[in-house]
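For the single chain, residues carry numbers from 1 onward in sequence order.
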Amino acid sequence: MTNYPPRQNSGTQRLDPSLEGVPLPLGEVLLRSGRLAEAELQSALRAQTEEGDHRLLGEILVERGLVTAVDVAIAVAESQGVPFVKDPARIADATVVETLPRDFVRQHQVLPLFLVREVMTIAAADPSNIYLFEDIERRTGFKVQVAAACPDELSAAIESWLPAANVFVIDDLETEAGDADLTVLERQVAELTDLAEIAGRGPVVKLVNRLIHDAVVDGASDIHIEPGDRSLRVRFRIDGVLHERIRPPYRMAAAVTSRVKIMAELDIAERRLPQDGDIHVLLDGRRVDLRVSTMPGRHGEKVVIRIIDSRGAIVSSERLGMSTGQGDDWRGLLESPNGIVLVTGPTGSGKSTTLYSALGGMDADARNLSTIEDPVEAVIPGVNQFQINERTGFSFASALRSMLRQDPDVVMVGEIRDEATATTAAQAALTGHLVLSSLHTNDACGAPARLVHLGVEPFLVATVLRGVLAQRLVRRICPQCRQEIDVDPASRALLESVGSVDRLQVGAGCQRCRGTGFSGRIGVFELLVPSGPIVDAISGAVPHRELLDIAIRNGFDNMRQDGMRKVIDGLTTIEEVLAATAG
């Protein structure tokens with residue numbers, strides 16, 4: 001929060017003492033602060049009085065480009081003698097945000113930020129509405145401190161914290177979902193027929209909450225709830241590998257599935273068709289988004305819950321696993337004024353994290369950064385994010401065409417998957433925009449051919465393609481139980497292309513890593529930055545293998561080489577690299 005000095009100490013006090021404490025007009029504050037010229041103010045005032053423009057003065061000034069919305073919000077704060085808060089989404093306390101009803105927050109555009117000694121600080125677009133704040137004091141029982149906020153930033157913060165009605169608070173659970181609870185529920189299920197009633201009962205709620213809680217704490221990316229032949233299995237995907245967590249009684253399958261579907265606002269009566277939905281939870285004071293997918297199977301509906309934890313959405317290139325040279329080249333590509341930069345790899349290889357991290361490192365104040373995603377996986381402050389909806393015709397291609405009329409500097413398209421999106425992205429890059437996107441190819445050198453296959457002319461691909469980053473994820477050796485082993489001849493032969501070492505690191509297995517010897521994952525990368533010969537080869541539509549040979553002759557290192565360097569550095573194992581880069 002930025003605290004501005006009281007008006008009487010800022011050089012803006014009135015000459016007439018009788019007016020002390022009366023808010024200064026917005027135009028006067030903008031004039032005295034140097035943000036606006038007298039002629040510009042008078043022109044805007046004439047528009048109100050003589051031309052019949054009934055909008056607020058600030059709206060007129062912003063539309064004319066004379067000041068920014070933030071300038072107006074700061075001036076309003078100075079005029080009213082209240083603090084100004086920038087980017088309220090960053091400082092809001094999850095335990096305080098929901099103090100007010102959601103509909104009330106959206107209707108009045110106010111957001112509770114934090115509570116200190118029975119004083120609640122509220123961000124508001126209009127800090128002059130004293131009747132509103134008196135109403136808030138009556139509703140909450142707390143004294144209210146008002147802070148002015150930019151309306152656009154405040155609206156984005158409200159949607160960030162209150163995206164939908166299905167937000168569930170899952171705090172640390174005091175009791176485990178133990179066998180006693182499950183046994184009791186099993187007896188109850190045999191006697192009940194109302195599935196919605198069963199799904200809302202304490203033991204089922206407790207079990208589902210416990211699964212979500214434990215999955216997030218364990219760093220899982222997915223929860224699999226799988227009914228079998230007289231069995232129910234729950235598995236967590238941790239570091240890319242599925243681990244069985246619990247086997248509840250089979251009779252719980254329908255109740256657990258229904259509970260998840262209720263949380264995701266899906267139709268619990270529909271069991272013959274796949275369904276998709278979202279759940280938003282507050283876990284230990286932070287927001288976690290869950291993507292739910294149900295699929296009818298032979299023994300009942302299988303449920304997969306994907307966990308989107310925004311804490312890991314934006315990380316540095318070093319934390320992603322890039323070497324110093326790769327990181328420098330990657331950041332250089334992101335500074336390009338135009339063109340297409342692609343991230344490739346299979347599903348689950350970390351492409352979204354890389355793209356989010358790229359956007360998170362850009363200056364969102366000086367550039368218009370926008371994304372088109374399916375779905376929006378994490379909220380990035382300062383970035384305009386849009387989710388496609390194929391059923392309404394809001395596809396990647398149509399959204400991209402519309403976005404290009406919004407004066408973007410950088411556009412991130414979640415995935416290029418069809419001809420319309422590919423050609424529109426190429427045209428956008430050709431007309432001065434930097435386009436970031438993902439593509440499903442096995443390696444970096446396969447990306448140009450894939451774009452050509454999607455309908456982009458080879459010469460256009462060669463013109464707009466600035467770089468391709470291909471990646472995989474490998475498991476990190478657990479730091480708790482790492483130990484050294486001698487290098488055998490076969491391993492030495494695999495490593496000799498990048499270096500030599502006498503001892504290698506492996507994980508022995510411990511409680512922290514659940515006996516696997518691994519904890520966390522790291523990326524292995526290859527970065528193709530087209531130079532003269534490579535550009536000529538792309539323009540000539542040479543086959544994939546020939547392009548790879550040309551790239552290697554020009555200093556290109558592949559993912560396996562990058563992975564073997566990480567083996568020598570003691571970050572992962574040869575087996576992990578070979579498995580990730582096979583084929």
Side-chain angles (χ1 to χ4, degrees), residues 219 221 237-243 315 317-330 343-351 353-354 441-446 468-528 544-545 548-583:
S221 60
R237 186 179 294 279
I238 301 173
D239 297 337
V241 178
L242 284 168
H243 301 269
V315 298
S317 59
E318 291 77 13
R319 285 191 59 196
L320 289 172
M322 293 185 192
S323 65
T324 301
Q326 287 173 333
D328 291 343
D329 291 342
W330 175 244
V343 180
T344 76
T347 300
S349 60
K351 300 187 297 296
T353 298
T354 299
T441 63
N442 288 329
D443 60 10
C445 290
V468 183
L469 181 75
Q471 66 180 75
R472 300 289 190 277
L473 293 176
V474 296
R475 291 183 292 175
R476 280 179 175 269
I477 296 171
C478 175
Q480 194 78 24
C481 61
R482 66 169 60 244
Q483 61 184 31
E484 289 188 343
I485 61 170
D486 293 328
V487 180
D488 59 74
S491 298
R492 193 179 300 276
L494 289 168
L495 294 169
E496 64 182 3
S497 64
V498 295
S500 62
V501 65
D502 295 326
R503 306 275 286 175
L504 291 178
Q505 301 280 336
V506 296
C510 63
Q511 184 175 2
R512 170 177 173 173
C513 63
R514 298 167 296 279
T516 63
F518 298 97
S519 179
R521 289 191 288 178
I522 191 172
V524 292
F525 304 92
E526 60 184 34
L527 182 60
L528 177 68
H544 169 261
R545 177 55 59 181
L548 178 59
D549 292 339
I550 294 171
I552 290 173
R553 289 198 297 270
N554 285 270
F556 175 74
D557 284 343
N558 61 35
M559 276 184 288
R560 180 162 292 185
Q561 290 173 300
D562 184 50
M564 292 304 174
R565 291 191 182 95
K566 289 179 170 65
V567 172
I568 292 176
D569 292 338
L571 298 174
T572 189
T573 66
I574 290 177
E575 293 75 16
E576 280 292 301
V577 173
L578 293 179
T581 60

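In this structure, Val524 and Gly563 approach most closely via the heavy-atom pair CG1-CA, 3.6 Å. Of all heavy-atom pairs spanning Asp562 and Lys566, the tightest one is OD2-NZ, 2.8 Å. When all heavy atoms of Val506 and Ile477 are compared, the pair lying nearest together is C-CG2, 3.7 Å. In this structure, Met564 and Val498 approach most closely via the heavy-atom pair CB-CG2, 3.7 Å. The two residues Arg472 and Asn442 have their closest heavy-atom pair at NH2-O, 2.7 Å. Nearest heavy-atom pair, Ala508 versus Gln483, reported as atom, atom and distance to 0.1 Å: CB-OE1, 3.5 Å.
Within the 3.5 Å criterion, the main-chain N or O of Asp443 finds no donor-acceptor partner in the side chain of Glu526. Judged by distance alone, the side chain of Asn558 and the main-chain N or O of Arg560 form a donor-acceptor pair under 3.5 Å. With hydrogens and angles ignored, the 3.5 Å screen pairs no side-chain donor or acceptor of Ser491 with any backbone N or O of Val487. Looking at Glu576, its side chain never comes within 3.5 Å of a backbone N or O of Thr573 through a donor-acceptor pair. Judged by distance alone, the side chain of Asp486 and the main-chain N or O of Arg503 form no donor-acceptor pair under 3.5 Å. Within the 3.5 Å criterion, the main-chain N or O of Gly570 finds a donor-acceptor partner in the side chain of Arg482.
By the 4.5 Å heavy-atom criterion applied to side chains, Asp557 and Arg565 are counted as neighbours. Within the 4.5 Å cutoff, side-chain heavy atoms of Glu484 are placed close to those of Gln505. In this structure, the side chains of Arg492 and Asp502 come closer than 4.5 Å at one or more pairs of heavy atoms.
Side-chain contact check for Thr354 and Gln471: at least one donor-acceptor pair (N or O, by modelled atom type) lies under 3.5 Å.
Atoms CG and OG1, on Asp329 and Thr324 in that order, are 11.0 Å from each other to the nearest 0.5 Å. Taking CG from Leu548 and CZ from Phe556, the interatomic distance works out to 6.5 Å, rounded to the nearest 0.5 Å. Interatomic distance, CG of Leu473 versus CD1 of Ile522, reported as 9.5 Å (0.5 Å rounding). The line from CZ of Phe525 to OG of Ser349 is 9.5 Å long, rounded to the nearest 0.5 Å. The SG atom of Cys481 lies 9.0 Å from the CZ atom of Arg512; values are rounded to the nearest 0.5 Å. Taken to the nearest 0.5 Å, the CD atom of Gln326 stands 10.5 Å off from the CG atom of Leu320.
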### Task
Test side chain to side chain contact (heavy atoms under 4.5 Å, CB included) on Leu495 and Leu504 and set out the steps.
CA-CA 11 Å; Leu495 294 169; Leu504 291 178; 4.0 Å; yes

### Message
For a side chain to side chain contact (heavy atoms under 4.5 Å, CB included) check, start with the C-alpha distance between Val241 and Thr516, then their side-chain angles and the critical distance, and finish with the verdict.
### Response
CA-CA 10 Å; Val241 178; Thr516 63; over 6 Å; no

### Task
Evaluate side chain to side chain contact (heavy atoms under 4.5 Å, CB included) for Gln561 paired with Val577, printing each intermediate quantity in order.
CA-CA 9 Å; Gln561 290 173 300; Val577 173; over 6 Å; no

### Phe518 and Val474: CA distance, side-chain angles, deciding distance, side chain to side chain contact (heavy atoms under 4.5 Å, CB included) verdict
CA-CA 10 Å; Phe518 298 97; Val474 296; over 6 Å; no

